[in-house]
Amino acid sequence: MLVGGALGLLAAYFGGPIHSVIDVLANTMLAIPSLLFLLALSIALRPSIPMLIVILGVITVPAFMRITYANALAEMNKDYIVAAELMGASAPHTIFREILPNAVMPVLSYAILVVPSMIVVEGSLSFLGYGVPAPRPSWGSMIAAGRARLTTNPAEALIPCAAMFATVFALNSVGDAVRERYGSREGTS
C-alpha cells in the first residue's frame, strides 16, 4: 500500500514522463497472472514468512498505485490545490498535506478488502506446499493435511476450511462497510 500509494501520488502530481514510467511498470506487473507469479517465486525461492510478505506485497503494488493515482488526479484541479500552489507551497507540502489526506480513504478501504484475498492466496500456496513452511501453522497446509482423510475424519479438513471462510467473510464484510462509508465521497458536502 505504501509503495503503490507513493508511486500513484508521484504519477498524479508530476504526470508526464514520471507517470508514463510508473504506468508501464504497473502494466507489466498486471500482465503476469498473480497466482502464477507467486507460485514461480515460491518455487524459485526458499519459502519463508518474510519472502511471502514481500511477494504478496509486490503483487498488490499496481492496484494501490492505480487507485491512489485516480483519487489524487481527481483532487489535482480542485480549488484548494490550485490555491496552495499559487501561495507557493512546495511539491512535498502539496502532495502530503493537501492531496494525500483527501485521497487516502478510498485507498484504505481497498486495503481492507485486499487482506481477505491475501489470506486466500497464502492458503492456496500453503495448500500446494509452497507457502508458510512447516511447522508453522497455515490454514492451507491444514486443509492439505486433512484432505487425505476426508472419508475417515472430515473435520480435520473442514474445520480449517470453516475458519478460513469465516475470517475471509468477516473481513470482506468489514471492508464493504468501510468502502460504503468512506470509499466514495463524490456528491457529499
side-chain contact (heavy atoms from CB on, under 4.5 Å) assessment of Phe14 paired with Ile95: CA-CA 10 Å; Phe14 294 109; Ile95 291 170; 4.2 Å; yes
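- Tyr130 OH to Ile43 CD1: the interatomic distance, rounded to the nearest 0.5 Å, is 4.0 Å.
- Phe169 and Ile143 are assigned to two separate hydrophobic clusters, defined by single-linkage of ILVMFWY side chains at heavy-atom distances under 4.5 Å.
- Inter-residue side-chain proximity for Leu108 and Val178 is flagged as unmet; no heavy-atom pair is nearer than 4.5 Å.
- In the hydrophobic cluster analysis, where Ile, Leu, Val, Met, Phe, Trp and Tyr join through side-chain heavy atoms closer than 4.5 angstrom, Val121 is grouped together with Val54.
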Dump the intermediate steps for side-chain contact (heavy atoms from CB on, under 4.5 Å) on Leu171 and Ile112, then the final yes or no. CA-CA 7 Å; Leu171 288 171; Ile112 293 171; 5.6 Å; no
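- Between the side chains of Tyr69 and Asp23, not a single donor N or O lies within less than 3.5 Å of an accepting N or O.
- With rounding to the nearest 0.5 Å, the separation of CE in Met65 from NE2 in His19 is 6.5 Å.
- With a 4.5 Å cut-off on side-chain heavy atoms, Leu113 and Asp176 count as touching.
- By the criterion of side-chain heavy atoms lying less than 4.5 angstrom apart, applied directly or through intervening Ile, Leu, Val, Met, Phe, Trp or Tyr residues, Trp139 is grouped together with Leu35 in one hydrophobic cluster.
- In this structure, Ala111 and Met1 approach most closely via the heavy-atom pair CB-SD, 3.6 Å.
- Criterion: ILVMFWY side-chain heavy atoms under 4.5 Å apart, direct or through other members. Under it, Leu41 and Leu25 are not part of a common hydrophobic cluster.
- The two residues Ala72 and Ala103 come nearest to each other via the heavy atoms N-CB, 4.0 Å.
- The side-chain hydrogen bond (donor to acceptor under 3.5 Å, both in side chains) check on Ser126 picks up Glu122, Ser138, with sequence neighbours excluded.
- Distance alone, capped at 3.5 Å, is enough to place a donor-acceptor pair between the Ser109 side chain and the Pro106 backbone.
- Using a 4.5 Å heavy-atom threshold, the side chains of Val120 and Ser124 count as touching.
- In this structure Leu30 satisfies the side chain to side chain contact (heavy atoms under 4.5 Å, CB included) test together with Pro62, Arg66, sequence neighbours excluded.
- A single hydrophobic cluster is not seen to contain both Leu150 and Met142; linkage of ILVMFWY side chains at heavy-atom distances under 4.5 Å, directly or through other members, places them apart.
- Each side-chain hydrogen bond (donor to acceptor under 3.5 Å, both in side chains) pair with one or both residues in residues 142-152, not counting sequence neighbours, appears once here: Arg149-Glu156.
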Chi angles and distances behind the side-chain contact (heavy atoms from CB on, under 4.5 Å) call for Val58, Met29: CA-CA 9 Å; Val58 165; Met29 290 178 67; 3.5 Å; yes
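- Residues Asn71 and Glu75 form no side-chain contact, since every pair of their non-hydrogen atoms from C-beta on lies 4.5 Å or further apart.
- By the side chain to side chain contact (heavy atoms under 4.5 Å, CB included) test, Val114 is found to be paired with Thr60, Phe64, Tyr110, Ser117, Met118, residues two or more places apart in sequence or in another chain being considered.
- Contact check for Met164 versus Ile119: side-chain heavy atoms found under the 4.5 Å cut-off.
- Contact between Leu52 and Val132 at its shortest, heavy atoms only, is CD1-N, 3.5 Å.
- Environment of OH in Tyr13: crowded, with over 12 heavy atoms of neighbouring residues, nucleotides or ligands closer than 6.0 Å.
- Heavy atoms of other residues, nucleotides or ligands lying less than 6.0 angstrom from CZ of Phe165 number 12 at most.
- With sequence neighbours excluded, the residues satisfying side chain to side chain contact (heavy atoms under 4.5 Å, CB included) with Ile32 are Phe37.
- Grouped by direct or indirect side-chain proximity (heavy atoms under 4.5 Å, Ile/Leu/Val/Met/Phe/Trp/Tyr only), Leu86 sits with Val82.
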